Each structure stands twice: as structure tokens, then as C-alpha cells.
There are 2 protein chains.
Amino acid sequence: MPPSECRNASRRILSAARAIATREGAGRITIEAVAKEAGLSKGGLLYNYPTKKALLSGLLAQMLAGHRELLESVPERHPARTLRGHLETVLQSEEVDGDLSMAILATAASDPQLLDPLRAELTDDLGRILSDTQDAPGAMVAFWAIQGLRFQKLLKLPDGGADTRERVIERLRALIDDLK
Amino acid sequence: MPPSECRNASRRILSAARAIATREGAGRITIEAVAKEAGLSKGGLLYNYPTKKALLSGLLAQMLAGHRELLESVPERHPARTLRGHLETVLQSEEVDGDLSMAILATAASDPQLLDPLRAELTDDLGRILSDTQDAPGAMVAFWAIQGLRFQKLLKLPDGGADTRERVIERLRALIDDLK
DNA sequence: TAACATAAACCGACCGGACGGTATAGTTTG
DNA sequence: CAAACTATACCGTCCGGTCGGTTTATGTTA
């Protein structure tokens with residue numbers, strides 16, 4: 001078996017899971033439903049991901065990989081580079097089907113332990129963020145605001161309207177770029 | 001039936017549900033488990049809350065009531081009063097068993113629609129926050145940072161250490177108090 | 001190239017357990 | 001007794017995971 005073939009099935013499965021999560025909610029991710037969405041049988045899915053835990057952690061891993069990739073696309077010498085990357089990740093996910101946060105929620109609800117890779121990633125990022133600046137509290141406020149935005153989108157909480165939201169993001173960007 | 005009796009049973013049930021959510025995760029809130037934790041039978045619980053939806057929405061309602069009460073305890077003439085109340089809610093929930101956010105997560109996973117009361121409440125709060133200040137973006141950044149803190153605690157995400165966290169909260173308080 | 005061997009990829013019936021909800025019988029209290 | 005409330009047996013459904021079997025891809029040998 002060429003590994004590309006396997007990756008393709010895996011990717012198809014993961015994106016099916018994301019599609020279901022976005023369309024019907026994180027709680028509706030079941031093995032059968034994902035298999036059907038991905039166009040294969042339950043057995044076939046379980047061949048690729050032997051347990052549901054494996055499926056969910058695969059989902060999270062894929063999201064984290066995408067996140068990391070986007071972080072690295074931020075110009076090398078940008079001040080508060082990591083922070084900026086986080087913000088862009090959130091903003092970008094508005095136009096993409098499926099979403100890191102959705103996977104997080106699905107994962108956390110079924111088994112909090114699965115979030116450990118995310119915790120590790122965030123610990124790294126936080127370390128970089130704090131070492132990128134001398135204004136730790138300022139950076140942290142921006143960081144939490146970004147996370148807040150994540151969950152606002154995820155849970156469809158009110159955002160004060162599109163233009164308010166625009167101005168907030170503008171302000172956030174300014175705050176980040178002014179960090180030293 | 002004396003209403004106090006009913007309220008007591010109801011409260012016992014809800015706090016049992018919170019206890020389970022905090023101890024074992026939001027996904028472990030089942031009717032049987034909650035009944036056992038509350039010291040009554042499944043039938044007894046279903047007499048008080050005829051469906052699981054009712055239980056969850058009761059949980060959310062109780063949390064929202066507590067939140068609102070705490071909001072009102074903030075001095076009448078404090079600038080950015082609502083925002084300050086939100087922050088205190090988050091900080092206080094560190095010392096209380098059970099937690100608004102946990103209920104939110106449990107609710108969202110099972111039925112996103114149940115979050116509607118929360119959305120309404122937040123819409124109100126956002127309106128007050130924006131009318132309390134002339135610096136809308138600044139207020140919103142603080143608002144999202146507070147929400148971010150909520151979810152950091154909920155998902156046990158890293159926070160950069162206790163002292164960093166302390167300083168961030170300090171900064172956040174300063175930001176809020178400086179709003180006009 | 002035909003015949004066979006081997007293993008990867010996949011299928012889908014089935015099982016067992018969990019859970020939400022019902023029905024009903026029992027118990028307490030006024 | 002009646003109303004309020006509790007307890008428990010039970011049902012239907014859903015879901016995760018198993019398992020035996022089938023197809024498909026890849027050699028291998030004569």
C-alpha cells in the first residue's frame with residue numbers, strides 16, 4: 001500500500017468528521033455517521049482509526065498541524081510573531097469548513113485527556129509569546145482575547161455586530177503590533 | 001408540596017450535576033448518575049426534571065441567575081460596571097465547585113439550542129458594556145479576554161504560571177477601570 | 001501470461017452495554 | 001383517602017467495537 005493512498009483515506013475521514021461537527025454539532029460525531037459521510041463502511045473506518053479516541057486525536061493532530069503551519073507563515077521578524085499567528089488562525093477559520101475549536105469541543109466532551117497535545121502546543125506558544133515581548137501582561141491579555149474570540153465563534157455567542165467586531169479585531173491587531 | 005421542598009430537591013440535583021461535571025467531565029452527566037449523586041432515584045429525578053434537556057437548561061438557568069446576581073453586586077457607579085462583574089464572576093468561580101462554563105460545555109455538546117438563554121444574557125450584557133463606555137473596542141478586547149480566561153480554566157489550558165496569571169488579571173482590572 | 005499466494009483494504013452483521021424515557025407500584029404526609 | 005413524591009423494573013434506541021468474510025493490490029513462480 002502506498003502511504004499516499006492511506007493518507008487520502010485518512011484525510012477523507014477527518015474532513016468528514018469536521019463536516020459533521022460543523023453541520024450537526026460536535027455530539028453527532030459517531031463512527032457510523034463519519035464513515036457514511038466519508039463514503040465507506042464502519043468497518044473500513046475502523047480499519048483506519050481503530051477506536052473513536054484514535055479518530056478524535058487524529059482530528060486534533062491535523063488541526064494542530066495546520067495551526068503550526070500557519071504560525072510559521074507569519075513573517076520571521078514580526079514582533080509578537082506567535083501572537084499574530086494565533087490571531088490569523090482564528091480569523092482564517094471563519095472561511096474554512098471545519099475548525100480547530102470544534103474538534104476541541106468534541107474531544108473535550110468525550111475525554112479531556114485527549115487535549116494533552118493541545119496543552120503542550122499552547123504551552124510552547126505561550127513560552128514563545130512571553131519571550132517575544134517585555135510586556136507580558138499586555139501580551140497575555142491579547143492572547144486570552146484571541147481565545148475568547150475562538151469560543152465566541154464556536155458557540156455562536158453574540159459579538160456586538162459585524163462592524164463592532166471589525167473594530168475590535170483592528171484594535172487587537174494594533175495592540176499586538178505595538179508590543180515590544 | 002411546599003415550594004421550598006421542591007427548590008431544595010431541585011438545587012440538590014443541580015449541584016449534583018455540577019459536581020459530576022467537574023469531577024468526571026461534562027460528558028458524564030447522565031440522569032442515573034446525577035440521581036445517584038443527589039441521593040435519590042432515577043424516577044425521583046425525572047419527577048423534578050422530566051427530561052435531560054430540562055435538567056441541562058435548569059443547570060444553565062441557575063448559573064445565569066448566579067451570574068446576574070454577582071453582576072448586581074458590583075457598585076452601582078463603577079465605570080464599566082458590567083465588564084467588571086464578568087471578570088469577578090470568572091475569578092470567583094475558581095473557588096466554587098461547579099462552574100458556569102462546565103454547564104455550557106455539557107449543554108453545547110448535547111444540544112446547541114439550549115444555549116439560547118446564554119446568548120440572550122450575553123447580548124444584554126454586551127449592550128450594557130458598550131453603552132457604559134466610549135471606547136468600544138477597548139471594552140470588547142477586555143470582554144473577550146475574560147471569556148478566554150473562562151475557557152482556559154474550563155479546558156485546563158496552560159496559563160503561563162500562577163504569577164503571570166496574577167499580573168494578567170491585574171492588568172485586566174486596570175484596563176477595565178481605565179475605560180471611560 | 002496464467003495460476004497461485006499473500007496481505008492490505010474494506011465490508012456489514014452482530015453483540016453488549018449505556019442511556020433516555022415510561023410505567024407502575026409503593027411510600028410518606030396532610 | 002388523596003396528593004405529592006419515590007423507587008424500580010423495563011423498553012427501545014444508539015453507539016462503540018468485534019469478527020468473519022470479501023474484494024483488491026502486489027508480488028511470485030513456472
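From a predicted model like this one, the values you see are computed outputs, not experimental measurements. Quick note: numbers below take in every heavy atom, side chains included, and nothing from hydrogens, waters or symmetry partners.
- In this structure, of D:dC15, C:dG21, C:dC10, it is C:dC10 that holds the atom nearest to the side chain of A:Asn48.
- Which of C:dC19, D:dC15, D:dT8 sits closest to the side chain of A:Thr30 comes down to D:dC15.
- Taking atom CD of residue B:Glu32 and atom P of nucleotide D:dA7, one finds them 14 Å apart after rounding to whole Å.
- Residue-to-nucleotide contacts include no donor-acceptor pair under 3.5 Å from the side chain of A:Lys52 to the base of D:dG17.
- Between C:dG21, D:dG16, C:dG12, one nucleotide has an atom nearer to the side chain of B:Lys42 than all others, and that is C:dG21.
- Of all nucleotides listed (D:dA7, C:dC10, D:dG17), D:dG17 comes nearest to the side chain of A:Thr51.
- Judged by distance alone, the side chains of B:Gln147 and A:Arg150 never bring a donor and an acceptor atom under 3.5 Å apart.
- With rounding to whole Å, B:Ile31 atom CD1 is found 15 Å from D:dT6 atom P.
- Spacing between atom CZ of B:Arg28 and atom P of C:dC19 amounts to 7 Å, rounded to whole angstrom units.
- A:Tyr49 has its OH atom 12 Å from the P atom of C:dC10, to the nearest Å.
- Going from atom CG of B:Leu56 over to atom P of C:dG20 covers 9 Å, rounded to whole Å.
- Ionic pairing of A:Glu88 and A:Arg173 is present here: one or more N-O contacts between side-chain nitrogen and carboxylate oxygen are shorter than 4.0 angstrom.
- For the pair B:Ile29 CD1 and C:dA18 P, the computed distance is 18 Å after rounding to whole Å.
- Between the C1' atom of C:dG26 and the OH atom of B:Tyr47 lies a distance of 15 Å, rounded to the nearest Å.
- Separating the CG atom of B:Leu46 from the P atom of C:dT24 is a distance of 16 Å, rounded to the nearest angstrom.
- Between the side chains of A:Gln62 and A:Arg18, a donor-acceptor pair is found at a separation under 3.5 Å.
- A donor-acceptor contact shorter than 3.5 Å links the side chain of A:Gln152 to the backbone of A:Leu157.
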